[in-house]
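In this text, all values refer to a predicted model and were calculated from it rather than measured experimentally. One is the number of the first residue; the rest follow in order along the sequence.
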Amino acid sequence: MSYTSPFTGNVIQPTDVSYRSITLTATSQLEWPINGTATDNPAARIMEVSTSSSSYYLLMPPANQASVGQDALIRNTGAVSLTVKDYTGANTIVTIAAGQAQYIYITTNATTAGTWGIIAYGIGSSGADAATLAGYGLLAIGQTLNQSQPITTFSSNYTALTTDRSSTYVWTGGAGTLTLTLASTLADNWFMFVRNSGTGALTVAGSGGNLINGSASIVLQPTDSCIVVCSGTQFYTVGLGKSTQFAFTQLSKAVVTGSYTLTASEASNVIQKYTGALTGNVTIVIPSTVQVYYIVNATTGAYTVTITTGSGGTAVLTTGTQATLVCDSVNLYNANTILAGSSTISLQNGSVGSPSLNFASETTTGIYRAASGEFNTAILGVLRSTVSASGLAIVGTGTFSGGVLGGTF
């Protein structure tokens, strides 16, 4: 069926009534006024409708008796919400809150119900429809838009989505992971709030190589919280609150050979563990800041790991050793020069090439324990003496001044 006038070539507009004021006392079925003929209940282009009950509906005329684009502006002048439905009464076109106005129009007219488009006209004569304008992070309260920050608790691994903008996620489980969707998908200025109210560490990790604070992930200990902000290419945290009860975090970094410069995020970890099978000596460059470090050299291979700021004193750790270091922003110092309140100290057995007690400038010279009941000394990685229950054994030639008393030679 064509809805183009053969006389004018224009689309037939059946709603010739420009304005109506309607008071609903029951559900009311509207009709199209055809050719100006009066009907019992015509639909007008502008209708002001009031109703005393939200159970009364306004039913629009059959969509297949009009062209697409046929429209009506409906304003609810009553005190309760007004529901506008299609001709069948089965589908709600729009629900109009008290004092608000909505503009509706036909988009398809193949059936009596048809399909209707909606444009929010606002409140009264000029106000905006806050409920229609409210997006993620916004809440419509009356006629105004207000900031929204809904709280979601979770206890299993979760991936943050674009719909989580401005949301607060509270972790309540043990150890878990919050994965951030690609920064390019979340886009610039996306943000969310995160708090760990659980019993274990919560790892917040980027995806697709996206970094957070310059690292692949950060760890929130119980009671830690932060705001995660996306730049469109990577993530940053703002107001990262750290629990004093769980003040220490650990960096575990695999190394092979050469120099590695720690990022500020990596260097913020007080405990640092280095792993990997070394093929050469390794140098770790830390930021020039005042800090205390607990270093664990868990690498393998006959090479060393040197900790430095790039200038000043350094610390050299051999395989299987640990050190507590104090950095004054330039130099690194061994924190353990004496053991306060203690009269004993225990060492690892060590080896001839890596004595357990050695010198920073010559780590292959020192003392070690080669076997049970032995006390051994190494010079430049070579065994030179062994003290055991049976006596003293010296390897190599020696010079004695003042003589030697007793024993058999």
Side-chain angles (χ1 to χ4, degrees), residues 119-120 128-141 144-173 175-198 200-243 246 249-255 259-269 272 284-289:
I119 297 176
D129 185 350
T132 303
L133 297 176
Y136 303 129
L138 294 174
L139 175 67
I141 302 177
T144 63
L145 288 173
N146 301 267
Q147 183 177 347
S148 175
Q149 193 175 317
I151 296 176
T152 300
T153 59
F154 68 117
S155 57
S156 57
N157 294 345
Y158 178 72
T159 299
L161 307 173
T162 54
T163 53
D164 293 318
R165 173 188 290 271
S166 189
S167 295
T168 298
Y169 273 72
V170 180
W171 175 253
T172 58
T177 301
L178 173 65
T179 303
L180 304 171
T181 295
L182 287 171
S184 58
T185 300
L186 297 178
D188 186 23
N189 79 47
W190 178 94
F191 67 99
M192 71 180 300
F193 301 79
V194 184
R195 176 179 171 81
N196 185 355
S197 290
L202 174 65
T203 300
V204 182
S207 56
N210 294 150
L211 303 179
I212 178 168
N213 289 348
S215 300
S217 64
I218 63 171
V219 176
L220 301 183
Q221 300 294 343
T223 75
D224 287 357
S225 61
C226 67
I227 304 172
V228 178
V229 184
C230 178
S231 70
T233 57
Q234 57 185 311
F235 298 93
Y236 302 93
T237 62
V238 178
L240 180 56
K242 304 295 291 183
S243 168
F246 302 96
T249 56
Q250 175 177 289
L251 168 69
S252 183
K253 189 176 183 69
V255 293
S259 179
Y260 298 81
T261 299
L262 299 187
T263 65
S265 178
E266 289 176 325
S268 67
N269 295 276
Q272 298 180 6
I284 304 296
V285 181
I286 61 174
S288 298
T289 58

**OP:** Please name the pair of heavy atoms, one in Trp190 and one in Thr162, separated by the smallest distance, quoted to 0.1 Å.
**Re:** NE1-O, 3.5 Å
Subject >> Centroid-centroid distance, Phe193 to Tyr169, less than 6.0 Å >> reply: no
Original post:
Distance from Lys253 atom NZ to Ser215 atom OG, nearest 0.5 Å?
Top reply: 8.0 Å
**OP:** Indicate yes or no: at least one non-hydrogen side-chain atom of Asn210 is less than 4.5 angstrom from one of Leu180.
**Re:** no
Subject >> Nearest-0.5 Å distance that lies between atom SG in Cys226 and atom CZ in Phe235 >> reply: 12.0 Å
Original post:
Atom OG1 of Thr203 and atom CG of Leu220: how far apart are they, to the nearest 0.5 Å?
Top reply: 8.0 Å
Original post:
Are any of the side-chain heavy atoms of Gln250 and Ser252 separated by less than 4.5 Å?
Top reply: yes
**OP:** Report the C-alpha distance between Leu262 and Gln272 in whole Å, list the side-chain angles of each, state the deciding distance to 0.1 Å, and finish with yes or no for side chain to side chain contact (heavy atoms under 4.5 Å, CB included).
**Re:** CA-CA 11 Å; Leu262 299 187; Gln272 298 180 6; 3.7 Å; yes
Original post:
Do the non-hydrogen side-chain atoms of Ile212 and Val204 ever get within less than 4.5 Å of each other?
Top reply: yes
Original post:
What is the distance from atom OH of Tyr136 to atom OG of Ser148, rounded to the nearest 0.5 Å?
Top reply: 12.5 Å
**OP:** Would you confirm whether Arg195, through its side chain, and Pro222, through its main-chain N or O, come within 3.5 Å as a donor-acceptor pair?
**Re:** no
Original post:
For the residue pair Ala187 and Cys230, what are the closest heavy atoms and their distance?
Top reply: O-SG, 3.3 Å
Subject >> For Thr168, all residues meeting side-chain hydrogen bond (donor to acceptor under 3.5 Å, both in side chains), sequence neighbours excluded >> reply: Gln149
Subject >> Trace of the side chain to side chain contact (heavy atoms under 4.5 Å, CB included) decision for Leu240 with Ile227 >> reply: CA-CA 7 Å; Leu240 180 56; Ile227 304 172; over 6 Å; no
**OP:** Please name the pair of heavy atoms, one in Glu266 and one in Thr261, separated by the smallest distance, quoted to 0.1 Å.
**Re:** OE1-O, 4.2 Å
**OP:** For Gln234, check side-chain hydrogen bond (donor to acceptor under 3.5 Å, both in side chains) against everything at least two apart and list the hits.
**Re:** Tyr236
**OP:** Would you mind reporting whether Thr177 and Leu202 have side-chain heavy atoms less than 4.5 Å apart?
**Re:** no
Original post:
Which heavy-atom pair separates Thr179 from Gly206 by the least distance, and what is that distance?
Top reply: CG2-O, 4.4 Å
**OP:** List the atom of Leu211, the atom of Ala216, and the distance in Å for their closest heavy-atom pair.
**Re:** CD2-N, 3.9 Å
Original post:
Side chains of Ile284 and Val255: closer than 4.5 Å at any heavy-atom pair?
Top reply: yes
Original post:
When rounded to the nearest 0.5 angstrom, what distance separates OG in Ser167 from CZ in Phe191?
Top reply: 9.0 Å
Original post:
If every non-hydrogen atom of Asp164 is compared with every non-hydrogen atom of Tyr158, which pair is closest and at what distance?
Top reply: OD2-OH, 2.8 Å
**OP:** Could you verify whether a donor N or O on one side chain and an acceptor N or O on the other, from Thr233 and Ser231, lie under 3.5 Å apart?
**Re:** yes
Original post:
Would you call Val194 and Asn196 a side-chain contact if the rule is heavy atoms closer than 4.5 Å?
Top reply: no
**OP:** Please list, chain by chain and in numerical order, all residues satisfying side-chain hydrogen bond (donor to acceptor under 3.5 Å, both in side chains) with Asn213, sequence neighbours excluded.
**Re:** Thr237
